Amino acid sequence: MSEISIGGTLIWYYYICPRQVWFMGRKITPDEDNELLDLGRVIHAQSKKAGVKELELGGSKIDLISREDGELLVYEIKKSSKFKEASKMQLLYYLLEFKRRGVEIAGELSYPEEKKREKVRLTPEDEAKLLASEKEILRIIYQETPPPYQKTPFCKKCAYLEFCVA
Amino acid sequence: MRKAIYLFSDGKLQRKGNTLYFESEGLKKYLPVEDVGEIFVFGEVEFNRKLVEFLSQNEIILHYFNHYGYYMGTFYPREHYNSGYMILKQAEHFSEQGKRIFLGRAIVKGSARNILQVLKYYAQRGKEVESNVKLVESFLNKVAEAKEPNELLGLEGNIREAYYQVFDVILQDKTFLYEKRTRRPPQNYLNTLISFGNSLLYSAVLSEIYKTHLDPRIGFLHATNFRSFTLNLDIAEIFKPIIVDRTIFSLIGRKEIKKEHFEKGLEGFALTTEGKKLFITEFEEKLKTTIKHPELKRDVSYRFLIRLELYKLEKHLLGEKPFEPFVSRW
């Protein structure tokens, strides 16, 4: 594992379940029979058809960038606000990726189904937190065995559930 | 849940637009590709490269059988789940004797314990199976001491023989006498059913392996030669008593399968198409049977139990949790 680029998605996983981070790091991908994954793929394909272009930045794939009131905004679109903390850290990580390339912009979290949006900006505290998370993610991935299974509210809908409890 | 499709007639299977299309004499059938998980081919079925590409894209695997119902091979699309790490771990557990024997023993133990569960059920119904139970137990006790895979395979053979010997007592049916184990092709009715059932189970397990990160070419009990699939044979051992053998007991017990469902070829016996259909219907029924899973806290089918068994094996290979085979509770 010489080239690990930590993308926003991995940050998201990290704030939800460190065990999942380990699996992703080993390319032990979840069960594709899972209906929610199917839904995700359909939504993704649809938005691509509709002309939404993804932007790749480091290990991240960014949903959408646009200009609003003369200001550049990065968007992260989520189905629900249930995992707000994780979603926010993911978006903040994109902002950090931009900053590392000399561009300081703001982001917007959007939950179209809930008609909710939230603007975020990267603070020095966030930055420190993200850097620590990056280190922690690398530490997890290099561990010989995955972090033990711990039940969280996310498990119910997780495609790894059967694997974890088997 | 995607379905298993069984093709018995001779004909042509092809891609038509974005669907599968099977055409044979007097039969035209469209099979929506999203609904198909795997295809079993028993008849003389023609197909071309375009079809194989289509199956590959849609991650559908195709098993083919000869006239005797004997497993011939599988079109196993380029693996879609790939984890170099998992393959390395699997190979490590194959090549390190101590690690390999651990898994081999677990598989044989699982198989024997499920056999004992089946026998216990018949003991409760007043069948005279006691002496064979003792025999199976005595071989099972030796499993822990087995030092190498060949020794284990020998014990496994002994256990199975002690178990098959008692089929006559269980079945009480003169048409279906066991005599001795014969295969490729089998030499009597009961052996024909055993062989056919095992073939079906090997394929079903292979289909489940396809949905995991395991490599079907690396088995632990059965020898690997990197040309054929062996991991499915290993995992099938655990489930044969509770899936295949119970299918046979049900079909014979209810007198559904009869002499007429067999034909004698030059070399041995085979099920007729009607017989194969009867068997597969009951076999599918068994795979769909559900039990309550204590950890998942929901009903899971036997087919899914096979997948969970593979997950357990993956967790063992990753060093997370030692592999413990599934043992039926009834």
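Just the heavy atoms: all of them, side chains too, but no hydrogens, waters or symmetry mates, feed the values below. Chain letters run A, B, ... following the sequence lines, proteins first, then strands; residues in each count from 1. Computed from a prediction, not measured in an experiment: that's the story for all the values here.
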Flag yes if more than 12 heavy atoms outside B:Lys99 fall under 6.0 Å of its NZ atom; otherwise flag no.
yes

Nearest heavy-atom neighbours spanning A:Thr145 and B:Gly319
CG2-O, 3.7 Å

Under the side chain to side chain donor-acceptor pair (under 3.5 Å) test, residues paired with B:Lys286 that sit two or more places apart
B:Ser250, B:Glu282

Using a 6.0 Å cut-off, check whether atom NZ of A:Lys88 has over 12 heavy atoms from anything other than its own residue.
no

State, yes or no, whether a side-chain contact exists between A:Ile28 and B:Leu318 at a heavy-atom distance under 4.5 Å.
yes

For A:Glu104, enumerate each residue passing the side chain to side chain donor-acceptor pair (under 3.5 Å) test, keeping only those at least two apart in sequence or located in another chain.
none

Taking all heavy atoms of A:Lys27 and all of B:Ser83, pick out the closest pair and write down the distance.
O-CB, 3.5 Å

With sequence neighbours left out, write down each residue that passes side chain to side chain contact (heavy atoms under 4.5 Å, CB included) with A:Lys82, or none if nothing qualifies.
A:Ser80

Heavy atoms, side chains only, cut-off 4.5 Å: are B:Leu296 and A:Leu161 in contact?
yes

For the student: nearest non-hydrogen atoms of B:Tyr85 and A:Arg26, plus distance
CE1-NH1, 2.7 Å

Might you confirm whether atom CZ of B:Arg49 has over 12 heavy atoms from other residues, nucleotides or ligands at distances under 6.0 Å?
no

Is the number of heavy atoms from other residues, nucleotides or ligands under 6.0 Å of B:Lys120 NZ greater than 12?
no

Any side-chain heavy-atom pair of A:Glu162 and B:Glu295 under 4.5 Å
no

Can you tell which part of B:Lys89 gets under 4.5 Å to a heavy atom of chain A, answering side chain, backbone, both or neither?
side chain

If contact means a heavy atom pair closer than 4.5 Å, which residues of residues 232-244 of chain B contact chain A?
none

